[in-house]
Amino acid sequence: MQSNAALEYDYSLAKKFTFLTILFGILGMVVGTLIAAQMAFPELNYLLGEYGTFSRLRPVHTNTVVFGFTVSGIFATWFYLGQRVLKVSIAESKFLMVIGNIQFWLYFVVALAATVSLLFGVSSSKEYAQYEWPFDLGVVVVWVLWGIGMMGLIGIRREKALYISVWYYLACFLGVAMLYLFNNMAIPTYFATEGLGSILHSVSMYSGTNDALVQWWYGHNAVAFGFTVPIVGMIYYFLPKESGQAIYSYKLSLLSFWGLMFVYLWAGSHHLLWSTVPDWMQTMGSAFSVVLILPSWGSAINMLLTMKGEWNQLTDNPLIKFMVLASTFYMLSTIEGPIQAIRSVNAIAHFTDWIPGHVHDGTLGWVTFMIMAAIFHMSPRMFKREIYSKKLMEAQFWLQTVAVVLYFTSMWIAGITQGMMWRAVDEYGNLMYSFIDTVTVLHPYYTIRALSGVMYLTGFIMFAYNIYKTMTSGRVLTEEPQFRTPMA
Amino acid sequence: MFFHWLEKNPFFFAAAISIVISFAGLIEIVPNFAKSGKPLVDLKPRTVLELAGKNVYMKDNCMSCHSQMIRPFKSETDRYGDYSLSGEYAYDRPFLWGSKRTGPDLHRIGNYRSTDWHENHMWDPPAIVPGSIMPAYKHQFTNIADIETAYAEAVTVKNAFHTPYGPEFKTTRAAWDAHRPKVLADAKAIADNMKNKDVKEAVANGEVPEVVALIAYLNSLK
Amino acid sequence: MEMDLRNLQGYANIFMTIFLVVMLYWYIIHLYRSEKKGVRDYEKYGNIALDDSVTSTPVEDKPASQREYKEENK
Amino acid sequence: MNALMIKALAFAAILMIATIYVVMSLDIDIVGDSVNAITIGGALAIAVITSAVSVKYINQMKTDTASGELAEENWDGIGEYKNELPSGWAYTFLAVFIWSMWYGMFGYPINTYSQIGEYNEEVLAYNAKFEAIHKNADAATLLGMGESIYLVQCSQCHGNTGDGLDGRAHDFTSRITKEQVLEAINNGADSLGYAMGAMPAGMASGADAEAIAIYVAGGMKGKQPASFAACSSCHGVDGKGNGGMSPNLVAYDDVLMNHVIKNGKKGSIGKMPAFKTLITPVQEKALTVYIQSLSN
């Protein structure tokens with residue numbers, strides 16, 4: 001293939017999405033930290049009039065970190081590693097470049113507009129699917145464009161075998177597409193009448209218990225295919241690449257993959273334990289949640305074992321540290337979730353802060369750590385400059401690690417405490433605590449959580465600064481580093 | 001052989017993933033659809049004012065902090081009333097069970113709180129419940145609820161899902177104009193039990209402040 | 001009738017679980033078998049991530065005839 | 001056991017001790033309630049298993065020799081594979097599958113388990129457990145019980161001390177205020193469902209009404225105004241409600257409490273909803289004792 005001698009990977013799209021990842025990351029985490037602080041200090045609800053209340057901002061936070069930060073991160077890493085593991089440059093096809101750029105701009109507009117719409121209370125109130133129908137359509141188009149781009153790139157690949165990361169990105173694409181479509185089925189009321197009322201409003205195709213089932217089939221698996229699958233795909237590429245160690249066991253990664261695909265979808269009903277969905281379905285949700293520990297841990301163990309005998313890398317490469325810690329938090333959250341899904345434990349855990357605590361093990365400790373590590377790895381290759389500061393990276397690592405630990409321990413105690421207080425009866429057999437008692441008792445934990453939010457956000461800003469300085473004033477690299485990321 | 005074939009073909013591989021991940025939905029969700037959607041015998045769909053209130057509930061995203069699902073535990077039925085039944089939710093689009101109780105469950109709040117309590121509480125929660133971390137929703141006293149959209153919603157669900165709204169619910173603007181006084185009368189009945197001057201004035205002028213619709217909705221949760 | 005449906009779903013669930021276990025462990029066996037027999041070495045795919053320059057030799061080359069695009073931009 | 005493992009397990013232990021300490025300090029029975037016990041067990045499992053397993057593998061980074069790289073000669077497919085599937089993982093996978101079958105067939109049998117059935121059993125067990133206390137309750141027990149019910153069910157509106165939160169709800173530290181009496185006289189009253197029926201509006205007016213209001217709000221002490229005759233036909237000369245036929249104006253008696261809890265109440269302050277679904281007869285008795293104690 002003589003003609004490929006001068007061929008290079010094209011990182012323009014990866015770069016663009018990296019910028020968005022950082023932008024949405026900061027936005028989402030600022031809002032997250034604010035709403036965490038509001039739980040401890042309610043006066044903070046009044047900073048922005050009606051737009052600043054906890055209730056308005058919470059969906060802004062969740063949707064910005066899910067559909068802004070994480071999805072950007074998925075796109076950024078796909079446009080980087082997709083080319084590399086398929087051994088084909090996206091620039092080899094003008095078509096794919098055009099599609100990719102349309103995807104980028106459309107995504108940027110839709111994500112921003114949708115976030116603003118939530119601020120104004122335009123919401124369908126289904127968790128993590130709050131966007132109203134026009135924004136849903138936008139999301140679908142973006143997603144389809146990504147799918148076309150992905151299939152196109154796979155079509156022109158030079159490497160015949162699909163590396164395991166590609167499997168995971170494919171699953172991410174397919175899973176999210178299916179779930180998002182079915183869950184967001186709605187009828188716009190404006191068009192179902194003679195143009196009465198708001199054009200943005202719609203009603204769900206499903207009602208009551210059915211709506212709940214579809215919603216949590218989606219809600220749980222949006223986590224599966226948005227927060228687990230693509231992130232696993234990332235670590236399967238970036239950890240081996242950064243460390244120069246092949247995956248410990250490729251077979252284990254295949255097994256974990258199919259295990260995850262089979263089992264994950266069944267577990268959605270564990271969000272509806274003790275509700276009005278049929279009993280057997282709840283039981284199944286519980287049972288499969290526990291089974292789910294194993295395919296999840298398969299990936300995590302595979303990653304940790306990839307680094308076996310490589311202690312020196314762990315101690316002197318902060319990037320490896322990020323990824324090893326991410327794997328560990330992945331283990332924590334993938335055993336915590338299933339145990340919270342056991343009926344009896346769920347009776348306490350559901351509706352309490354233990355659940356946000358659990359979610360943030362995954363999102364802060366696993367998703368964000370991994371995405372940041374990926375960007376740290378990609379930056380020197382994309383910008384052809386050394387990472388600006390290793391010291392800053394180390395400091396950021398420790399600050400954020402402490403933040404995640406504070407977050408999950410405080411919410412762990414808060415949740416168990418509140419769940420048990422709700423159940424507690426006094427010596428006469430009457431409820432021991434009024435509801436407000438179970439709120440005021442949480443103040444110290446909410447304060448700690450707010451503090452952990454500030455710490456984590458600070459770490460993320462350090463990260464953004466480090467990347468910015470890398471782009472602008474890192475030492476110029478003459479050739480692309482093979483494995484370990486160079487840093488000053 | 002089957003696996004080899006699969007591993008080599010991205011297209012069939014993608015198809016395999018799709019099949020594998022749709023199993024759960026097919027077995028779990030689909031067969032129960034008709035049964036789980038069945039309403040209680042005497043269940044009435046919400047009035048237009050209540051629907052508008054539900055939309056305020058969604059707009060200010062009350063379900064960030066409040067559930068509407070009383071689980072079958074003695075501790076919950078003691079606190080909130082009878083455990084929830086599937087048939088009670090049959091007309092709820094979307095369902096608003098919530099997933100977090102920063103505040104108490106509201107599924108039967110209409111049984112044990114009143115209009116004036118809500119009025120005072122929405123205006124300044126910690127004054128009513130000392131220690132409350134709920135923010136005040138003073139903007140709901142001046143924002144005007146979108147009752148026309150609520151009407152459009154009622155007509156839509158009537159036509160699409162046979163929700164039993166009366167024959168006067170039609171897709172035309174004329175039908176809405178005819179129904180509007182009924183909504184305003186409902187709003188006035190709520191506002192009569194309230195003290196806020198802005199609210200009373202707005203209702204007198206034929207407008208429905210968000211808080212009135214919201215309270216109508218909360219009162220209907222029984 | 002309703003009980004029938006519930007039973008049916010219950011059985012479907014149990015059947016699915018068994019099916020999953022069988023498939024998964026069959027897959028494990030399949031993976032090891034193919035390696036033993038020399039049909040395929042799965043672990044070599046790990047190298048795709050390690051050696052991923054655009055010019056490096058693919059682990060499994062996709063013949064140009066199979067590539068769905070024409071080399072147009074030189 | 002090496003230092004890292006000890007540290008990780010110590011962390012798990014501290015987290016668990018802190019959790020249990022906080023919960024116990026709130027008088028919550030961990031052992032007695034099986035749900036609480038299982039939850040603590042689950043939390044312990046999360047903390048210990050995660051710590052131990054992740055540290056086990058992290059230790060392998062320290063101690064194992066690197067054997068991860070693949071030799072070129074393996075490419076023919078026959079060769080030595082140093083990196084076997086972790087067998088612990090494979091066996092545990094099978095074990096949880098079996099467990100899940102057990103869970104679905106015996107733990108919560110798919111055909112027979114009903115959470116509502118379990119709820120009914122829970123309520124029966126509860127009743128059996130507390131019946132004794134409720135049956136032979138003496139005044140002190142009732143008072144304590146009443147206070148706990150009041151704080152959970154009533155304090156949101158009437159305030160923790162029963163003072164009605166600055167006029168937002170009825171004030172239990174006295175029986176009735178002048179405004180409340182005047183409201184009833186001027187507008188009538190018909191929300192409690194007494195046998196005597198509705199009280200018509202305008203039984204008295206002007207100075208007479210004023211005098212009645214002052215007299216009743218003052219606890220019916222001192223000289224009875226002549227105009228009170230309009231009231232005594234129903235409420236009795238002593239204002240005590242004619243043996244439960246109409247509301248007692250002097251004290252919170254059993255009948256009054258029963259009517260208010262069952263029907264709610266509408267007065268000058270606003271409307272109180274009924275609490276018939278949330279307060280049981282036993283609790284009502286205790287609550288009465290407690291509310292009586294607030295005005296004494």
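Only a predicted model underlies this, so the values are computations on that prediction, with no experimental measurement involved. Proteins come first, then strands; the chains are lettered A, B, ... in the order of their sequence lines, and each starts at number 1.
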Roughly how far, to the nearest 0.5 Å, is [atom2] of [Y] from [atom1] of [X]?
X: L50(C); Y: Y237(A); atom1: CG; atom2: OH; value: 9.0 Å
X: I48(C); Y: L162(A); atom1: CD1; atom2: CG; value: 8.0 Å
X: F19(C); Y: F262(A); atom1: CZ; atom2: CZ; value: 5.5 Å
X: L255(A); Y: Y42(C); atom1: CG; atom2: OH; value: 10.0 Å

Would you mind checking which part of [X] comes under 4.5 Å of any heavy atom in chain C, side chain (CB onward), backbone (N, CA, C, O), both or neither?
X: Q482(A); answer: side chain
X: F95(A); answer: neither
X: F238(A); answer: neither
X: S253(A); answer: neither

Chain A contact via T57(C) - side chain, backbone, both or neither, heavy atoms under 4.5 Å: backbone
Residue pair L31(C) / L254(A): nearest heavy atoms and the distance that separates them: CD2-CD1, 3.8 Å
Over all atoms of both residues, closest heavy-atom pair of Y248(A) and E43(C): O-OE1, 4.0 Å
Test log, rule side-chain contact (heavy atoms from CB on, under 4.5 Å), inputs V59(C) and E159(A): CA-CA 7 Å; V59(C) 170; E159(A) 174 65 75; 3.6 Å; yes
Criterion salt bridge (Lys or Arg N to Asp or Glu O under 4.0 Å) against D52(C), the qualifying member of K87(A), R381(A), K241(A): K241(A)
Test item: Y32(C) and K251(A) side chains (from C-beta on) under 4.5 Å apart, heavy atoms: yes
Parallel, tilted or perpendicular, as decided by the 30° and 60° cut-offs, for the rings of Y45(C) and Y250(A): tilted
